[in-house]
Amino acid sequence: MRKLSLNKRERIKGSTSFEKIYSSGKKIISSDKRVRAVYKVEFPTATPFVKLGVAVSKKAGNACFRNRVKRLLRESFRLNKPELKVNLGLYILLSPYSFLDKERKYRLSYFSDSVIDVINKIYSGINVAQPGDQ
RNA sequence: AGACUUGACUUGGCAAUCGCUGUCGCAUUCUUAACGGCAGAGGAAAGUCCGGACUCCACAGGACAGGACGCCGGGUAACACCCGGGAGGUUAUCCGUAAUGGAUGAUCUACGGAAAGUGCCGCAGAAAAGAUACCACCUUGUGGCCCCCAAAGGCUACAGGGAAAGGGUGAAAAGGCAGGGUAAGAGCCUACCGCAUCCAUGGUAACAUGGAUGGCAUGGUAAACCCCGUCCGGAGCAAGGCCAAGCAGAAGGCGAUCUCACCCCUUUGUGGGUGGGUCAAGGGCUGUCCGUCCGAUGUUUUCGGGUAGGCCGCUCGAGGUGAGGAGAGAUUCUCAUCCCAGAUAAAUGAUUGCCUUCGGUUUAUUGAAAUUGUUACAAUGAGUUUUCACAAAAUGAUAAAAUUGCUAAAAAAUAUUAACUGCCCACCGGGUACAUAGUACCCGAACCAAUUUUUAUACCUUUUUGUGACUGCACGUCGUAAAAUUUCUCUAACCGAAACAGAAUCCGGCUUAGGAGUCAGGUCUAUAU
RNA sequence: GCCUCCGUAGCUCAGUGGAUAGAGCAGUGGUUUCCGGAGCCAUGUGCGCAGGUUCGAUUCCUGCCGGGGGUA
């Protein structure tokens with residue numbers, strides 16, 4: 001895993017994989033209720049990987065605003081990726097849960113803390129579920 | 001200079017760090033990773049409202065249906081687009097008439113046809129479209145009354161006729177208005193205006209101008225059906241093509257069944273041959289028709305679909321930029337030069353700092369303008385004259401001090417009281433006494449009110465006395481200077497803001513969203529010339 | 001991407017050029033009843049927004065806004 005990059009290879013692609021994650025993944029909401037995450041563990045893998053997907057619903061706003069939210073979520077995950085060190089395949093799907101600011105002018109700091117919180121929750125969830133793997 | 005408005009253009013900049021997509025290099029071939037270079041959203045990318053390019057539908061056919069467009073000319077690949085012109089409406093200003101009006105500017109127009117046909121025009125009104133007569137008008141006959149009687153005349157009732165000017169209704173009433181004419185009226189006649197037809201002139205045309213004739217025929221509505229003219233085949237890049245594996249299946253040949261046409265034989269048939277077709281009210285090609293294509297079943301050969309995934313389509317184009325030419329303009333021609341996004345749960349971003357633009361606040365400051373129950377000086381005007389100034393004394397007033405009075409003293413809980421007030425204790429601060437703690441006793445800041453005393457008073461109130469002044473005094477106007485206030489501006493600091501919005505095959509338009517800036521034009525206001 | 005439909009009272013729907021826009025349920029008040037329900041009577045609330053055609057628009061036309069469905 002390279003430093004702080006987020007390639008095309010480290011993203012979830014295709015609608016079938018999205019459906020798989022939504023149907024059989026685990027849901028987590030951050031403690032400040034800003035970010036929701038769905039994750040799925042793929043246990044027997046040749047090489048360990050982490051793949052990210054971002055989804056914003058159409059009710060959030062117009063296309064420009066949705067693009068901005070996606071970029072902020074992706075950026076905050078990219079900067080905090082070294083916190084998550086796993087030996088298995090992991091799909092993570094982030095999406096915003098609630099919007100407080102009605103003027104829709106967000107900075108990066110709005111999402112980064114809750115993304116760190118979600119990452120810690122996922123990390124502890126994996127360690128509890130698979131204790132013998134560590 | 002400011003405000004409003006129209007059109008065109010631009011869409012914050014720089015640096016650092018961390019990243020994303022494509023492409024090229026490293027690299028002789030393949031794969032993976034790293035590094036480096038270059039490129040990387042819009043004027044609306046949006047809405048999907050029109051028009052095209054491109055691809056497939058066998059051919060891209062005919063008629064009907066359906067849809068779109070609709071003053072004239074031009075532009076274009078095409079257009080519900082654009083440009084120029086015409087006509088009409090609205091509005092502002094100016095001019096003018098007895099009245100209708102005319103000119104200029106701005107702005108709007110789905111602006112073909114109502115003498116091809118059908119429909120509709122509620123309520124009101126006599127009548128809502130080749131009609132009709134409620135009131136009112138004129139007239140004839142008969143009856144009644146007025147008159148002593150009759151005629152004439154007048155009034156009235158009924159019956160008939162004329163006519164459509166006036167009233168009234170309505171969004172709209174069968175040309176308008178003036179004169180003549182008449183029993184009353186009427187394009188019945190005449191002038192002007194409108195309308196229709198014809199002619200002439202100008203213009204490519206829409207149309208305009210002029211003349212003659214007619215004598216009013218032709219109410220409105222086509223964003224009601226409709227008629228006329230022009231144009232349109234359908235579907236859409238998720239079009240369409242290719243790819244490993246596998247399956248559904250498809251195509252061609254042959255045979256069988258049935259059937260049609262032609263020929264032959266003759267036992268004129270359940271015969272033979274050749275050619276075409278094959279459930280015909282089926283499916284496809286456009287909604288329908290014509291036309292046209294396919295076609296049941298068995299066997300064999302060949303091919304091997306669609307969806308998901310990947311690749312292509314896919315960004316060189318009605319392209320951009322610059323110069324020159326044509327044109328009134330939209331637009332177009334020539335030359336030179338450039339390559340300028342291509343993602344696919346969807347790249348073009350995040351953080352920090354500095355600068356730029358705009359807004360607000362604060363303080364200081366530069367400059368300008370305005371104002372004043374202000375001050376001083378100068379000029380001028382009309383007034384006034386026991387009024388003003390100075391000095392002394394007294395008095396008031398103010399200030400300070402003292403005394404007395406009034407008034408406050410944490411929070412919570414419980415109990416009592418109908419509630420309030422007073423008193424006591426505790427509680428706050430300080431002091432005194434005894435004194436280890438602590439206990440007992442005493443006092444209450446400031447404000448306000450009243451009283452008393454003393455001191456001071458430059459200025460201030462009132463009174464008295466003395467001296468001086470009318471060359472005074474206060475008021476109005478203007479000017480100069482000062483002061484104060486207000487507004488604008490310059491600079492600095494701080495804070496905030498920098499819109500609308502994200503390509504998805506590509507272009508040309510339209511519509512909608514929206515902050516700021518630049519340039520050009522117009523209108524209005526203010527100042528100066 | 002394309003095609004198509006709808007917006008009328010708090011809810012479900014009629015009405016399609018002529019002015020007081022209607023029905024059912026719901027709401028409010030009254031009546032009936034010993035009380036309540038049912039019944040009866042009365043009543044309030046509206047044509048998504050803007051522009052145009054017309055004498056007159058919920059209806060016709062155009063443009064926006066919002067919502068639903070289909071298809072590959």
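Residue numbers start from 1 in every chain, and the chains themselves are labelled A, B, ... in the order their sequence lines are given, proteins ahead of strands. Predicted model, so just to flag it, every value in this text is computed and none were measured.
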*Closest to the Glu75(A) side chain, choosing from A350(B), G502(B), A346(B)*: A350(B)
_Test your reading of the model: is there a side-chain donor-acceptor pair from Lys121(A) to the backbone of Ile29(A), 3.5 Å cut-off?_
yes
*Go through Val69(A) and Phe111(A) one step at a time and tell me if the side-chain contact (heavy atoms from CB on, under 4.5 Å) criterion holds.*
CA-CA 9 Å; Val69(A) 171; Phe111(A) 289 113; 4.3 Å; yes
*What would the secondary structure line of RNA chain C be in dot-bracket form, counting Watson-Crick and G-U wobble pairs under 3.5 Å, with [ ] for pairs that cross earlier ones and | for pairs with another strand?*
(((((((..((((....[...)))).(((((.......)))))....(((((..]....)))))))))))).
Protein and nucleotides 65-68 of chain C: nitrogen or oxygen contacts under 3.5 angstrom:
none

Below 3.5 Å between N/O atoms, which protein atoms pair up with nucleotides 43-45 of chain B? Just atom names and distances, please.
none

*Check whether any side-chain N or O of Arg71(A) sits under 4.0 Å from OP1 or OP2 of U348(B), and answer yes or no.*
yes
*Establish, with yes or no, whether the OP1 or OP2 oxygen of A350(B) is under 4.0 angstrom from a side-chain nitrogen or oxygen of Arg68(A).*
yes
*asked:* I'd like to know if Arg78(A) reaches the base of C18(B) with its side chain such that a donor and an acceptor end up less than 3.5 angstrom apart.
replied: yes
*Touch check for Ala55(A), heavy atoms < 4.0 angstrom, all strands: base, sugar-phosphate only, or nothing?*
nothing
*For Ile119(A), all residues meeting side-chain contact (heavy atoms from CB on, under 4.5 Å), sequence neighbours excluded*: Phe77(A), Asn80(A), Glu83(A), Leu84(A), Val115(A)
_Could you work out, with side chain to side chain donor-acceptor pair (under 3.5 Å) as the rule, every residue matching Ser112(A), not counting sequence neighbours?_
none
*Listed by chain and number, what are the side chain to side chain donor-acceptor pair (under 3.5 Å) partners of Arg66(A), not counting sequence neighbours?*
none
